[in-house]
Structures are given as structure tokens and as C-alpha cells.
Amino acid sequence: MSIEYSETADLFSMMDHVSGWWDGFTHPRYRSEWETRFGWSEDDQQWADRYREYRRRTYQGETQSGDIATSPNGLFASSETDSAGSDPLAAFMLAQPDIETALREFERSLGRKDAAMLRGFYNHFRPKWRELLAESRVLVPHAQALSALLEQANLQPFITRVSRFYQAPIDGEFRVLFTRFPTGTESSAAVIEGKTLLLHSPVNLAFDQGDWDTIVMHELVHYISSRQPDSAKRDMSDRFLARCSIPQGGQRYWMIEEPLAVAVGQAAYSHFVNGEPLNRKSNWYSVPWVDLIARSLEVSVIQALEAEVTLAETSIVEEATNRCRDLATLISPAS
């Protein structure tokens, strides 16, 4: 696992969100912070519109939609999520050593017409993003501190347990890149190209105020989970859906994928690696549905990891369906 601050990744992430090219995917606080500090002109919007057209045409990342009843992944994450082919701009930007090289080399990977638009987009906003990136330098020691923290932790036995639990052998490098998030106490994370995690941190947040290690482990669990055998994903999804349907307004990852990432990557990590339970007074996940199911699975997950049994061999899926049915009853309009 490598952990660092990347100015190129920071620029890509910041301007992708500021553009607002996909409602619900881009975070609105990036644009609101930008408008508060710099304003937003008609010319700015025209460049954002050009960028939106490019992103909507070229981005092929997985969404939460799809036929959960027949797809090999069912209720679980796909190993193809945000691969290099699905997000060519992200793949290109994250591979560049610095911003000027990226702006100069667009044509090599993205085509002449798109390269000209992207270069114009970034150059139009250059003075303002340069000001914000200068503030982001405070994230460099954050990355160094997190790297030191995880190097001191005895992670390998835990990761081996998790790999066995999901029946998913893993290898290679998992990259963690710190990037900017608007001022405040909220953080977020996004996986790019499967093995690269963009860790969005407010520049005003001290390192000891952020649960960076559990955020990283949560996303690493998603990466491992996505590499489960398709047959196991399909079987466990069928077991779940036979007992509880996704409620109106729910998302398929909320049913078991996200609760397990919380129970394994945060609660079990705290138990096995930090030697203490996850703080029960804190908010484990921003979506109450996921938070409640994750808390109910914590004990069974830790027991399964200790016994070194696989997820498919446990009754954890059935436990999740029971909680799903309970919660669905509580939120039903007829109740």
C-alpha cells in the first residue's frame, strides 16, 4: 500500500467536482466553495458544459443500476468498477508525474479534439485552481503520517483473514492519494481504476481529527469483495433477494456490500489491528440503513474472521436479510 499526496490527482478531482458534470456523482460543496471564493461567470459555465459533454461521452463506470437478478455481481461490487477503460481521463491524469506533463500530453491518450478542449478547460481556470492547490500542500504531512501509522500496524494477518473470508486472493499495489475537500469536517473517498483510492480531506482538518486508517481499510475491503468468485456473489445475492427486496429509494450496495465494508473494514479492523472496538458513539456510515445493518453484523463478522471461514459458509447473508426486513417494515408507508 502506497500513500501520498498527488497534485495531479488533486487537480483532476477538484475540477471534476467543480464542473458539476453529473448530479449525484460530483459533490456540490466543491462548486459552492468555488463560487464563494471566485464567483462563477457565464464563460466559466460554458467551459463546464464542454467538460460535461466530454465526461458524459467517455465515462463508462459502473452505476448502482443494472439487473441485480441476473448479473454475475448481484448485490456485490464488480471488479471492473472504474477501470482504466471505464474512466480514461482519470486513468490518464493519475498516471502523470505532474500537471504540466499532463496538460502537454493529452493527445497521446485522449485524441486531438478532446485534448484541445481539456487543455482549454484547465487553462481557463488555472489561476484559481493554482491558489487552491497551494493550500492543499498541508495534505503532504497527512499522507506521511497515515503511511507511518499503517506501516506500524500489523496489517498482513488481518488482510489475509479478509482475503480468505471473501475467497478473493489479491496482489499488486493499492494506491492511496490524498486530495482536497472543501473546508469543514466532512471527508469522502472514491476508488479510481480499482486499485487507486482518492482520499478527499478538508485542508483545515488536522490528521488526528480524521479516521483515515478506517476509511482506507473500508475501501480496501470493497476492492477485495469485488474479486469474489462470480458464483459466490450470485448465490449470496439470490439468498438475500429470496428473503428481502430492495426497498423503494434503496440502492443495491446498501443491502450487504456496504454494511460488510463497514463491519469488516472498520469494526473488525479496529478489533484485530487496533485492539479495541470501533467507537459505538460515532457515526459508522452516513446512510442510517447501512450503519444499522453494519452494527448488527459486527459480532458475526469478527467471529467468522477468527474462525477463518468464508462469507458464503456463514449465515451473515441471512442476518443481513433479517435486518433488511425489519428496516423495510419500519419505513413502510403502511406502518
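Model, not experiment: these values are computed from the prediction. Keep in mind that the numbers below use all heavy atoms, side chains included, and drop hydrogens, waters and symmetry copies.
W40 and Q45 share a side-chain donor-acceptor pair at under 3.5 Å.
Taking 4.5 Å as the limit, some side-chain heavy atom of P247 sits within range of a side-chain heavy atom of M255. W289 places a side-chain heavy atom less than 4.5 Å from the side chain of C324.
Annotation for R180 and L132: closest pair NH1-O, 3.2 Å, computed over non-hydrogen atoms. Residue P182 comes nearest to P202 through the heavy atom pair O-CB, 3.7 Å, listed as atom of the first residue, atom of the second, then distance. Here the closest non-hydrogen pair linking D10 and S136 is OD2-OG, 2.9 Å. Taking each heavy atom of R52 and G20 in turn, the nearest pair found is NH2-O, 3.3 Å.
Checking each of R56, R50, R57 against E53 for a salt bridge (Lys or Arg N to Asp or Glu O under 4.0 Å) leaves exactly one that passes, namely R57. With F121 as the fixed residue, the ring pair (Phe, Tyr, Trp, His ring centres under 6.0 Å) test singles out one of W21, F12, Y51: Y51.
Judged by distance alone, with hydrogens and angles left aside, the side-chain atoms of R234 form no donor-acceptor pair with the main-chain N or O of P72 at under 3.5 Å. Of the possible donor and acceptor atoms, one in the side chain of R239 sits under 3.5 Å from a partner among the backbone N and O of A312.
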R55 and D87: CA distance, side-chain angles, deciding distance, salt bridge (charged side-chain N to carboxylate O under 4.0 Å, His left out) verdict: CA-CA 9 Å; R55 290 293 273 150; D87 195 346; 2.7 Å; yes

Stepwise ring-ring contact (aromatic ring centres under 6.0 Å, His included) check, H17 with F25: CA-CA 8 Å; H17 287 284; F25 183 86; 7.2 Å; no

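For an aromatic pair to be called close, the ring centres must be under 6.0 Å apart, and Y269 with H218 fails this.
In this structure R126 satisfies the side chain to side chain contact (heavy atoms under 4.5 Å, CB included) test together with E100, L103, N123, W129, R130, sequence neighbours excluded. Annotation: salt bridge (Lys or Arg N to Asp or Glu O under 4.0 Å) contacts of E313 (sequence neighbours excluded): none.
At most 12 heavy atoms of other shown residues, nucleotides or ligands fall within 6.0 angstrom of atom CG in D23. Enclosure of atom CD in E173 by more than 12 non-hydrogen atoms of other residues, nucleotides or ligands within 6.0 angstrom is indicated.
A salt bridge links E298 and R280; the closest N-O separation between the charged side-chain nitrogens and carboxylate oxygens is under 4.0 Å.
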